[in-house]
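Beneath this line is the structure, given in structure tokens, with notes to follow.
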Amino acid sequence: MQKFLPIRSATDRRLSTQGIFDALIADKWLSPALADAFLIPARTSINGDSHPLALIAAQSWKSSSPPHQQLTLEVLGKWLADKIGLPYLTIDPLKIDVAAVGGVVTHAYASRYSILPVAVDKDSVTVATAEPFIRDWEEELTRLLKRRVIRVLASPEDIARYLPEFYNLSRFVKKASAQVSQQSILQNFEQLVELGQRTSLDANDHHVVALVDWVFQYAFEQRASDIHIEPRREMGNIRFRIDGVLHSAYQVPSTVMGAIIARVKALGRMDLAEKRRPQDGRIKTKTPDNREIELRLSTMPTAFGEKLVMRIFDPQILIRNYSELGFSSEDHATWNRFISRPHGIVLVTGPTGSGKTTTLYTTLKQLASDEVNVCTIEDPIEMIEPSFNQMQVQSQIDLDFASGVRTLLRQDPDIIMVGEIRDRETAEMAVQAALTGHLVLSTLHTNDATSAVIRLIELGVPDYLISASLVGVMAQRLVRTLCPHCKQPGELDEVSWNELLLPYKAPVPARVFQPKGCLECRMTGYRGRIGLYEMLTITPDFKRLISRNTAPDLLRKQAVRDGLKPLKLAGAQKIAAGLTTLEEVIKVVPTDQD
């Protein structure tokens, strides 16, 4: 370790800017001329309290030697960690048990040495630091905790940010739990004997308010689409769905979990006293960067209390263009032909969570104008949009999809969007609307485009009405896209490629990519999702086959002859374009279709 001492200051054990520059020059990461140009004004114009790595990263320089990568804080941190022989850790708050690490040392002690415990087990404690040569705390912690201390290097900005956040969150949970314990002593006999009675904090307690604010903040920062708050016997779970995959975010005591759910229900103007029946609500709030966000709430009674799911809707999905959704130029042209018709039914199919709502909202946003009356009937209304006339299904007053469409037909609409065709009556009303001169957009839950025709027949819609009204069907899926910041060349298994495409054939792409992981994608290797689309155009030849007696595979074969490209081929195109991986496509595409 002695040979690396010039990296630190001559007067104390902190890293020095001069020492870091000398090491970067020696490793041919920086040129001496560039370093000299920076160091002279640095002594007078840059805050001396700033960390040397942060100072250098702020210059946005690139390495002097190939591959000339940007000298970001993470790149410099990994370089330094490798140079001094320490592991480098990118702090991910969703992978850290904040309650456990918050009990290792006090906030004051961690702040004094700028250290942050990040992992705890029965034998060791892992502690992140940005000053690897300051080690006074290491021996002391080893003695006090009677555990092995493992040091890791981390970004000084990460430590400065997460140190107060982790300790504040841990303190809120502890104080909330203590308050619940005090309240439980005061419960009367009737409350104690009541089956299933649990004590909870007041929803407006400032500790609970802070916890809920933290949940919202982290969900927005992590690009979550859903927040799951799940009670358990002892410790409840808070999980985020990010790019279609659930990630554990935090655990809190079950009694505190009840207070968190009560706080969210209060914000959503839901009935706090009702815990036995499912409820729905809605919250409008803002992200840390001042963007307006809507959250749709849904509660469900479980064995250990109410489970709450919050679906996050970003209004910006309404202004995304089709290429951002994943449409190819051919897909876009076909879809435009569908929605440009003056009347008829256009269907979007796919399982729950496949992006049907986003596609329809983007489409309606494009179609809505001062000359067009766009009306929707939804269950529930996913997002309020001023350019639409939106109606909510309300089963308690017999306002269902069918009666809603019947009402909309008396409102002089040009375009009608029906949230979902679920039964015969709704299907017949949609057909009637299409035959009387309206463009009707709706959704069905089917695996592919041609199955939508079979579903309408099964619902009892006469085949001649389907032929007369149906314009086109689009099936879709969502796949995670590779992070553009860190994806790297990879290899493709030829056998798996051929199995995906059966019965079609296509050459193995000359170049494919695989996930790696970086700060931008939370080390998952994926960032965002993109659509795969299958377009069924209702041609005269296809219409002649629409019948209750026609086998589904005959419809499928005719659709392919008419130009339908199956979802698996759309997935193969995204793989060849370097946007996703074979594994992601296999997860979502039905491989049993021709």
task = Give a yes or no on whether a salt bridge exists between E221 and R161, defined as a side-chain N under 4.0 angstrom from a carboxylate O.
result = yes
ask   = If every non-hydrogen atom of P489 is compared with every non-hydrogen atom of F513, which pair is closest and at what distance?
value = N-CD2, 3.7 Å
request  = State whether the side chain of K574 and the backbone N or O of G326 hold a donor-acceptor pair below 3.5 Å, judged by distance alone.
outcome  = yes
Partner residues of T446 under the side chain to side chain contact (heavy atoms under 4.5 Å, CB included) criterion, sequence neighbours left out = T349, L444, S451, A452, R455
message = I'd like to know whether E583 forms a salt bridge (Lys or Arg N to Asp or Glu O under 4.0 Å) with K587, so could you lay out the CA-CA distance, the side-chain angles of the two residues, the decisive distance to 0.1 Å, and finally the verdict.
response = CA-CA 6 Å; E583 292 75 19; K587 285 180 186 177; over 6 Å; no
ask   = Any donor-acceptor pair under 3.5 Å linking the side chain of K356 with the backbone of G350?
value = yes
key: Donor-acceptor contact present, side-chain W497 to main-chain A506, <3.5 Å   = yes
ask   = According to the salt bridge (Lys or Arg N to Asp or Glu O under 4.0 Å) rule, which pairs have a member within residues 471-492, sequence neighbours left out?
value = R480-E584
Contacts of D423 that satisfy side chain to side chain contact (heavy atoms under 4.5 Å, CB included) - sequence neighbours left out = E425, T426
task = Under the salt bridge (Lys or Arg N to Asp or Glu O under 4.0 Å) rule, collect the residues that match up with K265, sequence neighbours excluded.
result = E306
query = Is a donor on one side and an acceptor on the other found under 3.5 Å between the side chain of N237 and the backbone of Q251?
reply = no
message = With a sphere of 6.0 Å drawn around NZ of K565, does it hold more than 12 non-hydrogen atoms of other residues, nucleotides or ligands?
response = no
request  = List in chain and number order the residues that pass salt bridge (Lys or Arg N to Asp or Glu O under 4.0 Å) with D379, two or more places apart in sequence or in another chain; answer none if no residue qualifies.
outcome  = R422
query = Would you say T443's side chain and V348's backbone share a donor-acceptor pair under 3.5 angstrom?
reply = no
inquiry  = Among residues at least two apart in sequence or on other chains, which ones pass side chain to side chain donor-acceptor pair (under 3.5 Å) with T285?
reply    = none
query = How many angstroms lie between CD in E294 and CG in L297, if you round to the nearest 0.5 Å?
reply = 10.5 Å
inquiry  = Is it true that, when you exclude E330 itself, more than 12 heavy atoms of the residues, nucleotides or ligands shown sit nearer than 6.0 Å to its CD?
reply    = no
key: Residue pair Q476 / P351: nearest heavy atoms and the distance that separates them   = O-CD, 4.4 Å
request  = Check the side chains of E385 and Q390 for a donor-acceptor pair under 3.5 angstrom, ignoring hydrogens and angles.
outcome  = no
inquiry  = Show every side chain to side chain donor-acceptor pair (under 3.5 Å) that has at least one partner inside residues 527-537, sequence neighbours left out.
reply    = E534-R556
ask   = Using a distance-only test with no angle check, is there a side-chain donor-acceptor pair under 3.5 angstrom linking T359 and W335?
value = no
inquiry  = I'd like to know whether N336 forms a side-chain contact (heavy atoms from CB on, under 4.5 Å) with Q366, so could you lay out the CA-CA distance, the side-chain angles of the two residues, the decisive distance to 0.1 Å, and finally the verdict.
reply    = CA-CA 10 Å; N336 271 338; Q366 173 186 307; 3.6 Å; yes
ask   = Sub-3.5 Å donor-acceptor pair from the side chain of T299 to the main-chain atoms of Q279, do we have one?
value = yes
inquiry  = List the residues meeting salt bridge (Lys or Arg N to Asp or Glu O under 4.0 Å) with R223, not counting sequence neighbours, and say none if there are none.
reply    = D243
inquiry  = Using a 3.5 Å distance criterion without hydrogens, assess whether the side chain of Q392 forms a donor-acceptor pair with backbone atoms of I381.
reply    = yes
message = My understanding is that only residues two or more places apart in sequence, or in another chain, count here; which of them pass salt bridge (Lys or Arg N to Asp or Glu O under 4.0 Å) with R424?
response = E428
request  = With sequence neighbours excluded, give me every ring pair (Phe, Tyr, Trp, His ring centres under 6.0 Å) pair touching residues 213-239.
outcome  = W214-Y218, W214-Y250
Partner set under side chain to side chain donor-acceptor pair (under 3.5 Å) for D213, not counting sequence neighbours = none
ask   = So how far is it from F313 CZ to D226 CG, rounded to the nearest 0.5 Å?
value = 8.0 Å
ask   = Can you list the residues that meet the side chain to side chain contact (heavy atoms under 4.5 Å, CB included) rule with K286, with sequence neighbours excluded?
value = N290
request  = Indicate whether any N or O donor in one side chain lies under 3.5 Å from an N or O acceptor in the other, for T580 and Y526.
outcome  = no
query = If only atom types and distance count, is the side chain of E324 paired as donor or acceptor with the main-chain N or O of N321 below 3.5 Å?
reply = yes
